[in-house]
Amino acid sequence: MKIRCVDNSIRLRLTKSDLEHLRDTGKVEITLAFPCSQSFVFSLKTVVDQKTASAQLESSRMTVVLPLSDARTWAGTDQVGLSYQISTSESENLELLIEKDFPCKTREDEDKANTFWELADQGC
């Protein structure tokens with residue numbers, strides 16, 4: 001899983017194996033290790049009884065939660081991504097974008113087998 005945070009948006013890009021793991025276990029996460037035995041965990045999980053996405057930040061963990069129905073539809077189709085706007089205050093929103101990972105066009109030596117190369121011509 002790749003994570004990109006810009007302004008007030010979070011973009012998660014999942015490889016094929018990430019998406020399989022999310023589908024099989026309901027969760028995929030990565031850990032960013034820091035010196036002095038500290039770490040920050042990025043987690044994406046699905047839940048049955050939720051109507052829209054949510055995001056939580058607790059201590060050294062960021063968790064994005066997707067409705068299981070949205071995740072299943074996205075994982076089982078050619079749909080490239082899911083997009084959500086989460087209200088953080090009266091005037092601010094957090095934008096969430098969860099996408100299937102495409103191969104990089106400028107890295108010809110990149111192993112593209114775990115990316116969604118077959119969807120790349122559809123654009124993103």
Side-chain angles (χ1 to χ4, degrees):
M1 178 168 55
K2 298 176 185 175
I3 295 146
R4 183 176 191 184
C5 300
V6 178
D7 295 327
N8 220 34
S9 68
I10 301 169
R11 180 181 179 190
L12 306 175
R13 296 178 69 191
L14 279 71
T15 62
K16 288 181 177 183
S17 58
D18 291 333
L19 196 55
E20 284 178 25
H21 192 74
L22 181 67
R23 189 175 38 227
D24 294 346
T25 68
K27 182 178 182 180
V28 63
E29 65 182 26
I30 60 171
T31 301
L32 181 60
F34 287 91
C36 301
S37 300
Q38 296 181 5
S39 61
F40 193 86
V41 178
F42 296 91
S43 179
L44 175 65
K45 67 180 189 175
T46 59
V47 294
V48 175
D49 59 348
Q50 192 161 316
K51 301 272 187 231
T52 190
S54 65
Q56 301 144 1
L57 180 62
E58 297 174 6
S59 185
S60 59
R61 175 180 290 272
M62 180 193 75
T63 304
V64 173
V65 181
L66 296 178
L68 181 59
S69 59
D70 289 0
R72 280 185 177 161
T73 299
W74 171 60
T77 66
D78 286 350
Q79 181 179 346
V80 172
L82 298 168
S83 179
Y84 301 93
Q85 295 283 326
I86 300 172
S87 178
T88 59
S89 69
E90 289 183 23
S91 61
E92 300 244 10
N93 285 318
L94 173 63
E95 181 179 354
L96 291 178
L97 184 58
I98 300 98
E99 299 176 311
K100 294 174 179 170
D101 191 28
F102 288 178
C104 182
K105 291 182 180 182
T106 60
R107 294 186 185 158
E108 293 182 17
D109 60 340
E110 176 186 41
D111 181 8
K112 296 171 178 38
N114 199 26
T115 63
F116 289 88
W117 55 269
E118 67 275 11
L119 300 179
D121 290 339
Q122 293 184 19
C124 53

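What you see is a predicted model, and the numbers here were worked out from it, not measured in a lab.
The two residues Leu94 and Ala55 make their nearest non-hydrogen contact at CD2-CB, 3.8 Å. Between His21 and Lys27 the shortest heavy-atom distance is CD2-O, 2.9 Å.
Using a 4.5 Å heavy-atom threshold, the side chains of Leu12 and Ile3 count as touching. Residues Leu22 and Met1 form no side-chain contact, since every pair of their non-hydrogen atoms from C-beta on lies 4.5 Å or further apart. Between Glu29 and Arg61 there is a side-chain heavy-atom pair separated by less than 4.5 Å.
Rounding to the nearest 0.5 angstrom, the gap separating the NZ atom in Lys100 from the CG atom in Leu82 is 9.0 Å.
Using a 4.5 Å cut-off between side-chain heavy atoms of Ile, Leu, Val, Met, Phe, Trp and Tyr, with links allowed through other members, Val28 and Leu96 fall into the same hydrophobic cluster. Following chains of ILVMFWY side-chain contacts shorter than 4.5 Å, one cannot reach Met62 starting from Val65, and the two form parts of different hydrophobic clusters. Residues Ile30 and Leu57 fall within the same hydrophobic cluster, defined by Ile, Leu, Val, Met, Phe, Trp and Tyr side chains chained together at heavy-atom separations under 4.5 Å.
Asp101 places no side-chain N or O within donor-acceptor distance of the main-chain N or O of Arg13, the cut-off being under 3.5 Å.
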Step-by-step side chain to side chain contact (heavy atoms under 4.5 Å, CB included) determination, Ile98 to Leu14: CA-CA 8 Å; Ile98 300 98; Leu14 279 71; 4.1 Å; yes
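Residue Leu97 is found outside any hydrophobic cluster, as its side-chain heavy atoms come under 4.5 Å of no other Ile, Leu, Val, Met, Phe, Trp or Tyr.
Evaluation of the ring-ring contact (aromatic ring centres under 6.0 Å, His included) test over residues 53-79, restricted to residues two or more places apart or in two chains, returns none.
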Side chains of residues 35-48: which donor-acceptor pairs under 3.5 Å do they make with residues two or more places apart or in other chains?
none

Contacts table for residues 66-73: side-chain donor-acceptor under 3.5 angstrom, sequence neighbours left out:
residue : atom : partner : partner atom : Å
Asp70   : OD2  : Tyr84   : OH           : 2.6
Thr73   : OG1  : Ser69   : O            : 3.1

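Ser89 meets the side chain to side chain contact (heavy atoms under 4.5 Å, CB included) test with Ser91, Glu92; sequence neighbours excluded. Evaluation of the side-chain hydrogen bond (donor to acceptor under 3.5 Å, both in side chains) rule for Arg23 yields no partner, not counting sequence neighbours.
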